[in-house]
Amino acid sequence: MKNFIEVTELKKVFGDGEDEVHAFGPATININAGEFVSILGPSGCGKSTLMLMVAGLLDSTSGKVEFENKLVNGPKTDIGIMFQDNTLVPWRTVKGNIELQLELRGLNLKDYQEQINNILKSVNLDDFADRYPNELSGGMQQRAAFCQAMIHDPKIILLDEPLGKLDAMTREKIRADFQKLWMVKKPTVIFVTHSIEEAVQLSNRVILITPRPGKIDREINIDLPYPRDLKIKRSPKFTEYVNSIQEVFHKYGVI
Amino acid sequence: MKKFIKWIASGWMLILFFVGFFLFWEYSIPLFDIPRYILPSPSEIVLKGSADLDKLIYYTGVTALETVLGYIIALILGVGFGIAISFSSILRRTLYPFFVSIEMTPKIAFAPLFISWFGFGLMPKVIIVVLVCFFPIVLNAILAFNSLSNELTLFYQSTGASRLKTFFTIRLPAALPQCFVGFKYAAINATVGATIAEFIGSDKGLGFYISIVTGNMRPDLAFAGIFFLTVLGLTVFGFVTMMEKILIPWHISMKRINK
Ligand SMILES: Nc1ncnc2c1ncn2[C@@H]1O[C@H](COP(=O)(O)OP(=O)(O)OP(=O)(O)O)[C@@H](O)[C@H]1O
Ligand SMILES: [Mg+2]
């Protein structure tokens with residue numbers, strides 16, 4: 001049986017000649033529909049590059065990406081994607097920026113007003129709906145960008161370190177909310193993160209990437225029940241997963 | 001009212017400086033015994049200038065018409081070509097380097113040619129104003145429309161929005177701040193272009209007036225003409241700055257916070 005997403009021998013080399021940078025791969029990754037997969041790896045190993053290629057926003061040097069047997073050869077539009085640098089525009093308020101996603105997709109803003117309020121509430125930004133991005137802190141901007149990426153209720157979600165700039169508490173809350181949302185709607189998620197604990201808490205499977213050029217070191221299935229609340233996070237099994245991943249990166253000398 | 005007081009309060013040093021400057025000017029004329037046909041005093045400029053007020057106002061209108069007409073045409077052409085060049089790789093490799101190399105020639109050097117081709121009327125002046133305004137506008141517009149961040153480009157691609165829609169919702173607003181850099185620079189150039197064009201060949205306008213009265217050894221009237229030119233220049237520039245505030249208020253407030 002074919003998988004929902006198939007990444008086959010995907011490789012990216014930037015530049016040519018002396019400027020050549022082998023950024024990623026070759027690597028093969030298969031993802032099932034509704035699966036939550038985290039990508040963990042040291043800085044510069046090609047995680048963002050991988051994500052852009054999967055989204056069809058960056059051409060690969062070799063290899064291919066397929067969604068349900070269909071080759072990706074241009075930008076995929078049936079996704080929600082959050083980039084490492086936020087895509088908020090300075091001339092729109094937080095709410096306006098969320099609406100930007102809907103407007104560009106030709107969706108009716110009226111139908112989404114309630115969703116916008118709800119998602120803003122879930123990231124504690126409801127009081128800042130009418131503020132401009134430059135009036136927000138870095139972490140608040142990131143939360144607004146998260147809402148922007150998610151508002152159209154995508155079935156495929158690609159997130160590049162979406163919670164990286166958040167304080168520990170807000171981060172914990174958004175993780176929990178996001179997990180709840182995933183359990184209900186079961187989108188397919190590719191989640192790039194630097195936090196081992198976050199990857200273990202959220203994912204069905206964690207893919208560990210080697211230092212650049214990123215290849216797959218190993219894939220670890222996280223066999224813990226959802227929702228993964230505090231009790232599970234304190235369980236020995238959870239700690240074991242975290243420790244085993246730490247050991248892998250320790251081996252590479254990145255921690 | 002409060003705002004006005006605040007404005008006075010923040011600008012008092014500048015006001016004081018101007019007052020001091022004109023007082024110094026006024027009293028250094030008798031002090032250093034400067035002949036009036038070299039440098040008249042401010043009070044004399046006001047006095048003699050007001051006798052010629054009708055003419056000055058009419059000529060200001062003439063120069064203003066040349067300036068504004070030329071500026072608007074340059075604006076339309078500059079933004080139009082800027083967008084075309086930004087979105088066409090053929091134009092980017094042909095017209096763009098052509099414009100960049102012409103930018104190096106002082107456009108005002110064409111003024112005598114245009115006067116000899118098109119005569120003394122309105123048209124050659126407007127053409128010269130267009131010429132001096134067009135390049136800063138088009139070059140900044142090209143820069144503006146090419147500097148969209150990589151993430152935003154990827155973002156709109158991932159939404160599948162049409163080119164037209166992304167142009168109006170993302171590319172155009174993102175480009176406006178840099179476009180206004182060109183608009184403001186051109187606004188300064190516009191009156192300069194009109195004045196020099198009138199120096200070279202005309203029978204009305206403030207440039208014409210200044211060159212005639214200077215020839216007649218009337219520096220007082222020349223200064224009066226310069227004063228009206230300054231007012232015209234400030235008005236044009238002020239209008240463009242006001243448009244910037246209205247069209248991109250978010251950009252202004254961003255600059256303020258970054259300070
Ligand atoms: N557009 C580009 N041109 C040239 N090299 C690039 C480009 N984008 C990325 N690279 C290089 O590819 C490598 C991988 O970059 P990438 O951004 O994918 O890393 P990453 O794993 O996302 O890192 P981080 O965790 O720091 O975000 C880096 O060495 C980077 O310098
Ligand atoms: Mg990255």
Side-chain angles (χ1 to χ4, degrees), chain A residues 48-49 51-59 72-94 96-107 109 130-137 141-142 145 148-152 154 156-161, chain B residues 79 82-83 86-87 89 140-141 143-184 240-259:
Chain A
S48 300
T49 305
M51 211 188 73
L52 293 182
M53 289 193 288
V54 170
L57 294 168
L58 180 70
D59 291 335
V72 172
N73 54 8
K76 265 192 85 62
T77 57
D78 55 345
I79 60 170
I81 184 167
M82 181 175 166
F83 300 90
Q84 196 162 0
D85 291 317
N86 79 56
T87 49
L88 305 175
V89 297
W91 61 88
R92 281 173 176 243
T93 61
V94 167
N97 266 287
I98 297 172
E99 289 175 339
L100 183 63
Q101 173 83 262
L102 304 169
E103 280 172 41
L104 287 172
R105 289 175 179 275
L107 298 168
L109 295 184
D130 298 322
R131 295 303 182 114
Y132 287 86
N134 65 318
E135 299 173 299
L136 306 185
S137 72
Q141 289 178 9
Q142 201 169 29
Q148 187 191 50
M150 304 284 293
I151 190 63
H152 56 299
I156 301 162
I157 299 174
L158 310 179
L159 303 170
D160 196 346
E161 293 182 39
Chain B
V79 172
I83 292 172
S86 303
F87 290 98
S89 58
N140 277 291
L143 189 64
F145 283 100
N146 275 315
S147 56
L148 194 67
S149 82
N150 197 25
E151 278 72 34
L152 275 178
T153 310
L154 296 175
F155 169 60
Y156 78 66
Q157 286 177 348
S158 81
T159 65
S162 70
R163 281 174 72 115
L164 198 70
K165 196 178 220 165
T166 35
F167 179 81
F168 284 108
T169 40
I170 295 192
R171 300 203 84 108
L172 183 65
L176 280 180
Q178 183 66 44
C179 283
F180 264 97
V181 173
F183 296 168
K184 287 202 274 191
V240 176
T241 310
M242 195 179 77
M243 287 312 290
E244 186 186 29
K245 278 201 184 120
I246 291 170
L247 286 174
I248 46 175
W250 52 273
H251 181 66
I252 314 282
S253 62
M254 204 158 68
K255 272 197 294 199
R256 202 182 305 134
I257 284 174
N258 287 344
K259 252 184 215 157

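So you know, we letter chains A, B, ... as the sequences are listed, proteins then strands, and number each from 1.
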> Between CE of A:Met82 and OG of B:Ser158, what distance do you get to the nearest 0.5 Å?
Replying inline: 13.0 Å
> Distance from B:Gln157 atom CD to A:Leu58 atom CG, nearest 0.5 Å?
Replying inline: 10.5 Å
> At their closest point, which heavy atom of B:Ile170 faces which heavy atom of A:Trp91, and how far apart are they?
Replying inline: O-CH2, 3.5 Å
> A:Gln142: what forms a side chain to side chain donor-acceptor pair (under 3.5 Å) with it, not counting sequence neighbours?
Replying inline: none
> Could you name the residues of residues 172-179 of chain B that have a heavy atom within less than 4.5 Å of a heavy atom in chain A?
Replying inline: B:Pro173, B:Ala174
>> Using 0.5 Å steps for rounding, measure from the CZ atom of B:Phe155 to the CG atom of A:Leu57.
In response: 11.5 Å
>> Please classify the contact between A:Gln148 and chain B as side chain, backbone, both or neither, with a heavy-atom cut-off of under 4.5 Å.
In response: side chain
> At a heavy-atom separation under 4.5 Å, does A:Leu52 approach chain B through its side chain, its backbone, both, or neither?
Replying inline: side chain
>> Are more than 12 heavy atoms, taken from residues, nucleotides or ligands other than A:Arg105, located less than 6.0 Å from that residue's CZ atom?
In response: yes
>> Once salt bridge (Lys or Arg N to Asp or Glu O under 4.0 Å) is applied, what residue pairs with a partner in residues 81-93 of chain A remain, sequence neighbours excluded?
In response: A:Arg92-A:Glu103
> Which pair of heavy atoms, one from B:Thr159 and one from A:Thr77, lies closest together, and at what distance?
Replying inline: C-CG2, 3.9 Å
>> Heavy atom to heavy atom, less than 4.5 Å: which residues from residues 144-154 of chain B reach chain A?
In response: B:Glu151, B:Leu152, B:Leu154
> Looking at OG1 of B:Thr169 and CG of A:Leu100, how far apart are the two atoms once the value is rounded to the nearest 0.5 Å?
Replying inline: 6.0 Å
